[in-house]
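Values in this document were obtained by computation on a predicted structure and should not be read as measured data. Residue numbering restarts at 1 for every chain, and letters A, B, ... go by the order of the sequence lines.
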Amino acid sequence: MPGSRMTGPIASALLVVASFAAVVALLARCAGLNDRGPWVATITYGGAYGRAVEEAVLVPFAGQTGLRVEVDGFGGGLAQIRAQVDAGRVFWDVVDVETAEAVRGCEEGLFEWVAIADMLPAPDGTSAADDFKVEQQTQCAIPGVSFSTAVAYNEDLFPGEKPGTIHDFFDLEKFPGRRGMRRAPEANLEFAIMGDGVSRAEVYNVLGTEEGLQRAFDKLSSIKDHIVWWEAGAQPPQMLADREVAMSTAYNGRIFNAQVLENQPFSIVWDGQIVDQAQMAIVAGTPRLDAARRLLRFFTSTEAQAGIAGRIAYGPARLSSDALVSTHLATGVEMAPHLPTYPANLEKALQTDARWWSARRDDLHERFSTWLIR
Amino acid sequence: MTARWRAAALVLPLLIYTVVTFLVPLTTMLVRSFYDPVVAEVLPGVLAALDDWNGSGDPPEPAWEAAATDLRAAAEAGTVGRVASRVGRVDPDLRTVLPGTAFALAEGGLRPARGQTWHDVMVSVDSAWASPDTWRGIKEGGRRFTSRHYLNAVDLTRGPDGSVAARPEDRRIYLPLFWRTLQVSLAVTLLCLVLGYPVAHLIAHASPRKRGILLALVLVPFWTSLLARTTSWIVLLQNQGVINDLLVATGLVADDGRLALVYNMAGTLIAMAHVLLPFMVLSLYSVMNSISPQYMRAAASLGARPWHAFRKVYWPQSLPGVGAGCLMVFILAIGYYITPALVGGSSGQLISNMVAYHMQQSLNWGLAAALGVLMLGGVMLLYVLYDRLTGGRVGIR
């Protein structure tokens, strides 16, 4: 075709422009969420906890405020949050993280500062400060529901005497069988030192010394050959059901689900279990700070916390929620005795010390890994 | 010339995409392994004042006032936590000393009283400031360019006098993990080759109809979720699992002598080999497919026994596929961590687990990047070695 030589440069220029336009359009689409009315974004872990939060918090929040709630899937960890903050493009507003992550993220400037005093008062007018069961672990997060890492066992494997204390977990003679533990130092060191006879009040003092730490590792070594290490919270109930282990540390909510939804013959040893809280935080630099604060206040309100506890066996963050928690919505089981914050369960519980861990976590992870492969 | 430009324009979208989504993130990550300006930016005064200090005895007087000024500013700007977490990796005590001092200075508005120096103020806030260790930690943590992460990644540490020494024995974790990762990857590669070679041969020389079915059988697990496949292996392999039940039912194994097939190295190898097998089979298949059956027939007609013909005729021709498959499986295996974490028990921790820990949990991206660079370097080294050994005849072409 004559003249095609003349249009050559123009054609290539057009191609360049077109390809740039395509890339820009693609980027713009990724960024173009905010054109459909006011909204706020949060994350979900999925599973039973994710569903409980969605039903008890996110749906009613959207209904009451008219704000659209965007929910992204999330597998934990801080890498994505840090990437958003570093890039200055925050698209999650309220996040639900582990205590250790909240403390570390706070140091790194990943979260806005928040205070319990700014949360909603209880329905009877009690101030938020008097209504929360635990204090803030960091100025970057409000404590949410409590959960326990506890020893659970399969009743069928112990027809006679049942394990009743944390000592029994380490007693292979009296209670033979393999033990499941999470492959991480967190909680295990506490279990070990309590299993070695240290009182709950002294756990972190003793672990803070080199001799104490050695004692805890020695205690773990005494059952090391009988430990099956787990990675994900879904594993321990499965291992107990399959009789792969006789006893395992596990998240109490998972054991509760196996008990009531699958009728598994599991029991939790409410002795020396370690209590931790979900931490609710706002990602630093979010362009939707007001909406984020509203969602945070709603999330930590008396009703929302009670709503979560009616769906999964995690203890509400507020004293005033306890009266609102009655039976499990799906099965009608009385919830209170299954909650980590139930007074009888709390009697022999250990509240995890986030500050103690934040100063030593990396070091202990390296030491634990070294111990593991030796 | 214009034709060339036009051709270039066609690949431009891909080029931009590659640069934006791959090269830029990769480079910024790699840079983190040796460059970290955060402490230097937040504490410029202290570091300048410590420039000439040799690390023993009290630091020079200007350093004390500079420390007070910088820390107060950091507390007000909310950056003291970032500094503390970095300096805290050099000296764990400083993780609490720095924020504590900074907030005390900012909130108390402390100043030296008459007859006092900044030295006295700082020491009165936290006695840790009287120790040269504190200042050495700040100086070391404040380096913009550092080899710290690389030393850490090979279980070395820098002493107070700047000399390099091995870390204490109960903290040496990365070299053993590198070694184990290498062993596991090699074992998985070998396993895949042994299992995959006959399968690929079967597919390559089957009738077209059978070939379609066999290829689909290889590909179906490939399309199944990784977690589903991994947990299926747990169901099969565990103590009370399908395989052990079968062995006990057939009387091959006593009920109290069930085999430990999962939550140990055996589980890791079995599950990883299964996950990576399709890569080996497909690489081998693509090469074997082009080997004409006439060669083997010719060898046979010249009197070669099957094994001899295979060794002298078929195997050399399939080597490019062996090389490509092994490289691909090995490189993928090096980076695996979810599968070994779930089925590997105490042996399920590989170097990638530590990278994930430092990316997600400790936020020590410098160390994560250094570990990544060492892995990348190791793989490249192996590739070059391999290329040399095979004279460049074999490999991904």
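- Contact of Arg374(A) with chain B is made through the side chain alone, with heavy-atom distances under 4.5 Å.
- Heavy atoms closer than 4.5 Å to chain A are found nowhere in Ser347(B), neither backbone nor side chain.
- Atom CG of Leu363(B) and atom CD1 of Ile81(A) lie 9.0 Å apart (nearest 0.5 Å).
- In this structure, Gln360(B) contributes its side chain and Leu78(A) its backbone to a donor-acceptor pair below 3.5 Å.
- When every heavy atom of Ser369(A) is checked against every heavy atom of Gln349(B), the shortest pair comes out as OG-NE2, 3.4 Å.
- For Ile227(A), no part lies near chain B; criterion is any non-hydrogen pair under 4.5 Å.
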Margin query: With salt bridge (Lys or Arg N to Asp or Glu O under 4.0 Å) as the criterion, how do Arg95(B) and Asp363(A) come out once you've worked through the C-alpha distance, each side chain's angles and the decisive distance to 0.1 Å?
Written below: CA-CA 13 Å; Arg95(B) 197 184 278 283; Asp363(A) 192 41; over 6 Å; no
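- Counting heavy atoms of neighbouring residues, nucleotides and ligands inside a 6.0 Å radius, atom CH2 of Trp356(A) exceeds 12 of them.
- Atom OG of Ser85(B) sits about 6.5 Å away from atom CZ of Arg104(A), to the nearest 0.5 Å.
- Here CG of Leu342(B) is found 6.0 Å from CD of Glu231(A). Values are rounded to the nearest 0.5 Å.
- For Glu366(A), the parts lying near chain B are the backbone and the side chain together; criterion is any non-hydrogen pair under 4.5 Å.
- Contact annotation for Asp86(A): only side-chain heavy atoms (C-beta onward) come within less than 4.5 Å of a heavy atom of chain B.
- For a residue to count as touching a neighbouring chain, one of its non-hydrogen atoms must lie under 4.5 Å from one of that chain's; by this rule Arg178(A) touches chain B with the side chain only.
- Neither the backbone nor the side chain of Ala84(B) comes within less than 4.5 Å of any heavy atom of chain A.
- Chain B forms more heavy-atom pairs under 4.5 Å with one residue of Lys224(A), Arg243(A), Arg82(A) than with any other, namely Arg82(A).
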Check: Are Arg367(A) and Arg171(B) close enough, and set up right, to give a side chain to side chain contact (heavy atoms under 4.5 Å, CB included), and what steps lead you there?
Finding: CA-CA 5 Å; Arg367(A) 185 159 171 172; Arg171(B) 303 290 195 289; 3.5 Å; yes
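- Ranking Glu169(B), Met354(B), Arg167(B), His358(B) against chain A, the residue ahead of the rest is Arg167(B), based on heavy-atom pairs under 4.5 Å.
- With a 4.5 Å cut-off on non-hydrogen atoms, Trp113(A) touches chain B through its side chain but not through its backbone.
- In this structure, OG in Ser362(B) is found 8.0 Å from CZ in Arg361(A), a value given to the nearest 0.5 Å.
- Proximity to chain B is limited to the side chain of Arg183(A), based on heavy atoms less than 4.5 angstrom apart.
- With a 4.5 Å cut-off on non-hydrogen atoms, Ile338(B) does not touch chain A at all.
- We find the CD1-OG1 distance between Ile173(B) and Thr370(A) to be 4.0 Å, quoted to the nearest 0.5 Å.
- Atom OH of Tyr337(B) has 12 or fewer neighbouring heavy atoms from other residues, nucleotides or ligands inside a 6.0 Å radius.
- Only the side chain of Gln235(A) comes within less than 4.5 Å of a heavy atom in chain B; its backbone stays farther off.
- Considering all non-hydrogen atoms of both residues, Pro176(B) and Ile373(A) come closest at CB-CD1, 3.5 Å.
- Most heavy-atom pairs under 4.5 Å with chain A, from the set Gln240(B), Gln238(B), Arg86(B): that is Gln238(B).
- Rounded to the nearest 0.5 Å, atoms CG (Asn152(B)) and CG (Asp362(A)) are 10.0 Å apart.
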